[in-house]
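Structure, as structure tokens:
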Amino acid sequence: MTRIAICAPGKRLEREHADAVADLAADRAGVELVFHKQCFARHGHFAGDDATRLAALTECADDPTFDAVWFAHGGYGANRIAADAVARMGPAARDKAFLGYSDTGYLLAALYRAGIGRPAHGPMAADIRRDGGEGAVMRALDWLCGKDDGLEGGLERGGEGPPAVAFNLITLAMLCGTELMPDLAGHVVMV
């Protein structure tokens with residue numbers, strides 16, 4: 001059984017989107033999704049204030065009963081908690097997969113820089129609302145459960161070839177020169 005914690009380090013997740021993702025996952029054997037109540041908090045356009053989002057993220061990352069942390073939604077806000085989140089994460093976070101994109105790229109970069117977990121740029125739970133969203137959610141669930149057939153084609157797998165990272169261009173540009181920016185020398189950087 002793969003247990004996946006879902007939290008929202010930026011924008012809140014609408015309940016109907018969480019329900020749609022849960023319905024898709026219910027038909028899939030071997031996976032359990034746990035939406036942190038913080039996903040539905042409201043503080044302006046955020047999923048709770050900075051302290052609430054930080055607490056939820058570190059709670060999910062540090063819970064040894066979860067195999068992965070899946071970001072519910074992008075949106076400004078993840079950058080505001082990324083450094084503190086990485087500084088607070090304990091040993092249980094080191095073995096987890098972390099998945100998201102957009103502004104959660106700040107967190108993914110900070111995790112990568114700190115050598116915490118397996119951060120990856122990919123679909124979030126909120127993508128269920130987009131055209132093709134069900135397929136994106138299923139690819140995310142596949143990856144979070146250990147499959148790699150949904151990865152970008154043409155990249156070496158299994159540790160062969162240079163390491164690869166992916167970022168939204170604006171997120172990558174905003175990371176430059178910050179404490180969150182990992183050393184990407186020798187990497188394939190996909191934007």
Side-chain angles (χ1 to χ4, degrees), residues 1-42 45-48 52-53 55-75 77-78 85 89 92-105 107-108 111-112 116-155 157-158 164-168 171 190:
M1 172 71 65
T2 300
R3 294 190 76 233
I4 301 167
I6 302 171
C7 63
K11 188 176 175 182
R12 74 186 303 273
L13 183 65
E14 298 301 327
R15 179 70 66 180
E16 65 264 21
H17 299 145
D19 291 345
V21 170
D23 288 346
L24 271 180
D27 293 335
R28 183 188 173 108
V31 66
E32 178 186 359
L33 300 183
V34 179
F35 288 88
H36 194 287
K37 66 182 179 181
Q38 169 273 331
C39 290
F40 312 107
R42 185 180 302 276
H45 78 280
F46 296 118
T52 299
R53 295 190 328 278
L57 173 58
T58 55
E59 182 182 325
C60 291
D62 287 340
D63 186 331
T65 68
F66 290 118
D67 302 295
V69 176
W70 191 17
F71 300 134
H73 212 302
M89 287 182 187
R94 301 223 173 260
D95 296 325
K96 286 186 174 50
F98 292 85
L99 186 62
Y101 70 96
S102 185
D103 284 77
T104 66
L107 283 166
L108 298 173
L111 290 163
Y112 189 65
I116 296 174
R118 295 177 319 280
H121 184 273
M124 293 181 283
D127 286 332
I128 193 72
R129 73 191 195 288
R130 301 180 187 278
D131 287 341
E134 287 187 12
V137 166
M138 293 307 288
R139 286 190 304 279
L141 291 173
D142 283 347
W143 186 81
L144 289 164
C145 291
K147 296 181 181 179
D148 69 357
D149 53 332
L151 297 178
E152 181 70 29
L155 295 177
R157 299 217 171 91
V165 295
F167 293 97
N168 291 47
T171 303
M190 299 178 292

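- Remark: Glu134 engages no residue in a side chain to side chain donor-acceptor pair (under 3.5 Å) (not counting sequence neighbours).
- Not counting sequence neighbours, Asp63 has no partner by the salt bridge (charged side-chain N to carboxylate O under 4.0 Å, His left out) test.
- In this view, His73 satisfies the side chain to side chain donor-acceptor pair (under 3.5 Å) rule with no residue, not counting sequence neighbours.
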Between side-chain atoms of residues 18-30 and protein atoms elsewhere (two or more places apart, or another chain), which donor-acceptor pairs fall under 3.5 Å?
from: Arg28; atom 1: NH1; to: Asp142; atom 2: OD1; distance (Å): 2.6
from: Arg28; atom 1: NH2; to: Asp142; atom 2: OD1; distance (Å): 3.0

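- Arg130 meets the salt bridge (charged side-chain N to carboxylate O under 4.0 Å, His left out) test with Asp127; sequence neighbours excluded.
- Under the rule for a side chain to side chain donor-acceptor pair (under 3.5 Å), Ser102 has no partner lying at least two apart in sequence or in another chain.
- Partners of His121 by side chain to side chain donor-acceptor pair (under 3.5 Å), not counting sequence neighbours, listed by chain and number: Asn168.
- Shown here are the salt bridge (charged side-chain N to carboxylate O under 4.0 Å, His left out) partners of Arg129, two or more places apart in sequence or in another chain: there are none.
- Scored by the side-chain contact (heavy atoms from CB on, under 4.5 Å) test, Ala55 finds no partners at all (sequence neighbours excluded).
- Take Ala68 and apply the side-chain contact (heavy atoms from CB on, under 4.5 Å) test, not counting sequence neighbours, and it matches Ile4, Ala97, Leu144.
- Here Tyr112 pairs with His187 under the ring pair (Phe, Tyr, Trp, His ring centres under 6.0 Å) rule; sequence neighbours left out.
- Applying the side-chain contact (heavy atoms from CB on, under 4.5 Å) rule to Ala93 yields the partners Ala61, Asp62, Met89, Phe98, Ile116; only residues at least two apart in sequence or on another chain are considered.
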